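Structure first, then comments.
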Amino acid sequence: MASSTVNVVRYTALLTGVFYGITHRRTLQKTHDEELKHHAIHEREHLIAQAKEAWKKQQEGSKDGVITDPEDPGFDLEKLIAKWESESS
């Protein structure tokens with residue numbers, strides 16, 4: 001049979017390990033949450049940059065007088081094809 005001193009040491013070590021595990025888990029979770037937040041912010045910045053770039057390309061296309069949006073009522077497929085042919089040659 002184990003003495004009471006051994007039992008005290010055993011349970012003290014067990015409880016210390018449990019509390020350490022809880023604290024360590026919280027630290028890891030906090031770090032992970034911060035990384036997710038950081039990634040989400042940079043992803044939004046990247047998407048905004050892509051949208052700005054697409055807007056610039058769209059505005060450059062409208063300067064030629066050719067409407068490239070097929071949903072636009074003034075869209076003319078023949079003009080668009082002619083523009084593409086002149087760009088490729």
Side-chain angles (χ1 to χ4, degrees):
M1 178 111 190
S3 68
S4 62
T5 305
V6 174
N7 282 339
V8 168
V9 170
R10 186 179 297 159
Y11 285 111
T12 301
L14 176 66
L15 291 175
T16 303
V18 168
F19 287 124
Y20 171 76
I22 291 170
T23 306
H24 188 63
R25 167 71 182 178
R26 286 182 180 175
T27 304
L28 291 176
Q29 187 66 43
K30 182 179 178 183
T31 305
H32 179 69
D33 291 342
E34 288 174 358
E35 287 178 6
L36 285 177
K37 184 178 177 182
H38 182 66
H39 177 71
I41 289 170
H42 285 290
E43 182 66 23
R44 284 187 208 126
E45 289 174 354
H46 178 69
L47 290 174
I48 289 171
Q50 281 182 339
K52 286 181 179 180
E53 195 173 304
W55 176 255
K56 286 180 184 177
K57 286 182 182 179
Q58 183 182 17
Q59 293 303 317
E60 288 174 2
S62 65
K63 288 179 184 176
D64 298 338
V66 178
I67 299 172
T68 58
D69 182 18
E71 299 295 324
D72 193 319
F75 176 72
D76 188 6
L77 184 61
E78 293 176 4
K79 288 182 182 178
L80 183 60
I81 292 173
K83 177 186 169 203
W84 286 343
E85 287 177 349
S86 66
E87 288 176 356
S88 65
S89 53

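No experiment lies behind these values; they were computed from the predicted model shown.
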Rounded at 0.5 Å granularity, tell me how far [atom1] in [X] sits from [atom2] in [Y].
X: Ile48; Y: Glu45; atom1: CD1; atom2: CD; result: 7.0 Å
X: Ile41; Y: Arg44; atom1: CD1; atom2: CZ; result: 6.5 Å
X: Thr23; Y: Leu28; atom1: OG1; atom2: CG; result: 11.0 Å
X: Lys30; Y: Asp33; atom1: NZ; atom2: CG; result: 10.0 Å
X: Ile81; Y: Asp76; atom1: CD1; atom2: CG; result: 9.0 Å

| When you look at CD of Glu78, are more than 12 heavy atoms from neighbouring residues, nucleotides or ligands closer to it than 6.0 Å? | no
Per-pair distances, 0.1 Å, donor-acceptor, side chain in residues 6-20, under 3.5 Å, sequence neighbours excluded:
{"residue": "Thr12", "atom": "OG1", "partner": "Val8", "partner atom": "O", "Å": "2.6"}
{"residue": "Thr16", "atom": "OG1", "partner": "Thr12", "partner atom": "O", "Å": "2.7"}

| note | For His46, the ring-ring contact (aromatic ring centres under 6.0 Å, His included) test, sequence neighbours excluded, returns none
| Taking only residues two or more places apart in sequence or in another chain, which ones pass ring-ring contact (aromatic ring centres under 6.0 Å, His included) with His38? | His42
| query | Are Trp84 and Leu77 linked, directly or through other ILVMFWY residues, by side chains that come within less than 4.5 angstrom of each other? | reply | yes
